[in-house]
Amino acid sequence: MQSAARPLAQEQLARYDRDPASILQMLRNLQLQQNGIRPSDIETLSEGLNVPATKIKSLIDFYSFLHDRPRGSYDIYLSDSITDRMLGGREVAWTLCRELGVRLGEPRPDGMVTVSTTSCTGLCERGPAAIVDGLAIERVDVERAREMARLIKAGAPVDEWPLDWFLIDDEIHRKGPLLDADREPGAATERAIKLGPYMTLAELQVAGLRGCGGAGFETHQKWNLCRSAIADRRFVICNADEGEPGTFKDRALLNAYTDMLLEGMAVCAVTIGATRGFIYLRHEYEFLRDRIERRIQRRRDKGLLGRNILGHHGIDFDIEVYMGAGSYVCGEESALIESLEGHRGIPRIRPPFPVTNGYLGKPTVVNNVETLCYAAGILEQGPGFVANDGDEPGWKLLSISGDCAKPGIYEIPLGMPVRDVLAMCEAENVQAVQVGGPGGTLISADEFDRRVSFNDLNTAGAFIIFDESRDMLEVALNFTHFFAHESCGFCTPCRVGTKLMAQMADKLAEGHGARLDIEQMRRLHKIMTQASHCGLGQVAAVPILTAYEKFPDDFQRRMDDVDFQPTFDVEAAIERSKQIVREEEAAR
Amino acid sequence: MTRWITIDGRAVPFADGQTVMQAATDAGVFIPHLCYHPDYAANGSCKMCTCKINGRQMSSCTTRAVEGQVIESNTEELNSERRALAQMLFAEGNHHCPSCEESGNCVLQNMAYRLGMTALMFPNFHPGRATDATHPDVLLNRDRCIYCELCVRASRDTDGKDIFCISGRSENKSLTINSDSGTLADSGLSIDDKAAEVCPVGALIKKREGFKQPIGEREFDRLQGSGAQIRAPRMPKLIREPGKKLKLATCSLAGCFGCHMSFLDIDERILELVEHVEFDRSPLDDLKEFTGECDIGLIEGGVCNTENIETLREFRKRCKVIIAVGACAISGGVPALRNTIDVRELLEETYINGMGVDNGQIPTDPELPHILERVSPVHEVVKVDFFLPGCPPSADAIWRVLTSVVADEQPNLPYDLMHFD
């Protein structure tokens, strides 16, 4: 086996032209090809790229889907987001492990299979979801888990598994201008070229387009800042890292509206003067990669990408797909750029911002998939494209999951009250909605008149519904552990704070919580908010504290009515000693 | 033309391109920090230097100075956040000052002193990270690493060797070595390298030099009086009957009685103390049971077994104010060094394999207390009202706290009475 490793790593070096910035792509490919990265691979890459082995090792340790110890031949990840759990994900995990005789997170001794859990894989409305050998599988219920176990035991290769497991559909329940539009390839780019940058930016400004990735920064301003920065090269990056649990609308766009995205990127490129673009696609969306790359090729063939776009001399722009390797933080634009350059995904010190100092230090626009799609629509049809009847211009894609009859994708005009959204997706007996994912806002039933809007409930698109049967502490616990797991570990308040929060949340959940714990969590939250390096640490304590505030019953029935409780379980702490005494007595 | 920023109301000049931290340092204004070093590009990870810059909290080591900036640094709000950051770092690693070679020269410890950190507040993570003792001259104790990345930067930028690297993420972050074996032995690190001396804590230390310089005469020990007056956490007010003496109880859990010895070092002042204080349950008067309700309970030692827990709970029930005295009570201290070792191994070493033990066996008598898997500080088991650090706290520090309580004042520990070692 060792002798076979060298050629594979060499192959990767050749494929990426020994470019150190592509190291993550090489590692990821090796991981998928042989279920793990071998010491010999690290050696080969280290020599071939002239990069220290420790740096390669540090990438493997940082990204969730890279491993330097072999995983099983069948490499299974089960999505462990709250939406998966609500659909029975825990039971699926137990079933699969039991049927396969394997412990969660550890390869079976014979090396046949590994089953572990991972953060949300973006199939929230069709969970419980899994990733097997890099490919997503939807609706893994207990029955399907048993069937999977049977196929594995029979040694059936994954490409012989039922095809429909892998066909990830999008349920689009409500279409607005974006999802309803009939696009003519190249029309928006052509118009942007004709209008020139000033008029293009003006159109975006009039349309009021703002970033759809959550931050809501005005798109025309971002593009303009990038355009006006003095540089010899500029870049457009499409952020397709969609890692916020509960968000899957980019998945639908990447799948069914690929051309519109590519068009949007081209519009951006011709406006800011970029020659190279990247789609940073999250690892979990491997199943979309082929399709996107084929579309890119088709556009090259049609003269919509490449040199002299649409016959305009000197207007060159091309796009590459770059795969992530499992890190939520990489959704933050500067961390994404770090990852794209082949580093650990640690958010940069800002300012300077990517618009002036981005990829390779050059001015870079990083936009969400949805933003770029809307930009294409606006440039093809004018600012009226996103007009609506309400007070706030613009539309928004929602990814609705959780307790409702019709989960899926909805394109809604900004300003729609939560109540109307809930009616639309036929949700009943709702006690809470998590708007914007774990890092967003948890609202209770008395807040359903609040509106989905940049001015009120700002969201990147996640909309998770919880009916009255749900235990809101369990929900918050899942989110709290998610942040602890995904913290990049760079700064003290987040690295230590997220773990402390998770410990304290566990303490509450296990029934050992007391009033001083809540006080302690609030104090910690304040420090994390004020001092953390990026948004992750700033919001990591919000879910548990908001849940406590809005759903105190779910907490108080587990807590003791006292000020203080020990941080550890005394009975559990002497279990080891008791066991030794028993063993000693038995031996005498 | 000189340009200016304002730090805590004081005008500070800055040169083009300087950060707030650089301008402050040049002007002799101290902003607490750990990962910042004047010789290296700012890292911005420890967040200790967070200041309020034009109303917004930002790291001063990574924020450029801009004409007219108004900066708040030495405020109670910011210092209390910094104190919590120091507490987080203490909780994350194994920072047992009394047994650390770096004590007195440790920047983390010094920040904790300056910020008036007397207690850990957060439960300890008890990491058991690998120690690397393979190098003839330098030792790496990863449990003390605070991820300031100074060794990474020094090795790369000054020594030109690129020996150190930060790996992993979240709590699995680690400091790794760039060598074939993954250890320092074949890393090419030399004792003269900048990387070997730049560590602000006791993670990377030079061998055979640990105690050349006596404790008490080290860099930060000599800073006496120069730090800010330390504002200890507030002690709850005692409701007292006029003319009645305060009742005081003391005990030692898993400790060495050194704190009690130090107490006795107040010498003849004890005569003044008993004018105001009556001793109840305490090894000092050999009273083994409480005679009634007490005002103050002084606890020495960490919590290592079920008997400690019972004693501690009894103290909490009987005493209005509980004061954790000394390193063991506050952080687990010396007994907590066993926390990375399995209980069976401990018992076998003590009762079977230990030096001088013949035909030993692990005792199983039900009368004996069970030992806990880990030694814990007192505040993880009961609510503690006040912390008096030191190994032991000096007689003067104990005197200061007790007389403050007698005088119905909030105790205040100045820098020279504040020691973790």
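In what follows, every chain begins at residue 1, and chains take the letters A, B, ... in the order their sequences are listed. Basis for what follows: all heavy atoms, side chains included, without hydrogens, waters or symmetry-related copies. Please read these numbers as outputs of a predicted model, since none were measured by experiment.
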Does any donor atom in the side chain of [X] or [Y] lie under 3.5 Å from an acceptor atom in the other side chain?
X: A:Gln579; Y: A:Glu583; result: yes
X: B:Tyr36; Y: B:Ser60; result: no
X: A:Tyr77; Y: A:Arg71; result: yes

Heavy-atom distances under 4.5 Å only: say whether [X] touches chain B with side chain, backbone, both or neither.
X: A:Gln520; value: side chain
X: A:Phe62; value: both
X: A:Ala514; value: neither
X: A:Arg588; value: side chain
X: A:Arg582; value: neither
X: A:Ile60; value: neither
X: A:Gln503; value: side chain
X: A:Ala484; value: backbone
X: A:Ile574; value: both

Contact class of [X] relative to chain A, heavy atoms under 4.5 angstrom:
X: B:Ala91; answer: neither
X: B:Glu149; answer: side chain
X: B:Asn172; answer: neither
X: B:Arg316; answer: neither

- Task: Identify which one of B:Val107, B:Ile146, B:Ile31, B:Leu115 satisfies the side-chain contact (heavy atoms from CB on, under 4.5 Å) criterion when paired with B:Met48.
- Result: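 Checked B:Val107, B:Ile146, B:Ile31, B:Leu115 against B:Met48; only one passes side-chain contact (heavy atoms from CB on, under 4.5 Å): B:Leu115.
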- Query: Salt-bridged, B:Glu77 to A:Lys526, with N to O below 4.0 Å?
  - Reply: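 Salt bridge: yes.
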- Going by an N to O cut-off under 4.0 Å, is there a salt bridge joining B:Arg156 and B:Asp162?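 So B:Arg156 does not pair with B:Asp162 through a salt bridge.
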Select, from [options], the one with the greatest count of heavy-atom pairs under 4.5 Å involving chain A.
options: B:Ser59, B:Ala42, B:Ser45; result: B:Ser45
options: B:Ile309, B:Asp365, B:Val343; result: B:Val343
options: B:Lys47, B:Lys383, B:Met121, B:Arg169; result: B:Arg169
options: B:Tyr147, B:Phe125, B:Phe164; result: B:Phe125
options: B:Ile166, B:Ile177, B:Thr306; result: B:Ile166
options: B:Glu171, B:Lys173, B:Glu373, B:Arg344; result: B:Arg344

- Within 6.0 angstrom of B:Arg64 CZ, more than 12 heavy atoms from elsewhere: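 Not buried by this count: 12 neighbours or fewer within 6.0 Å.
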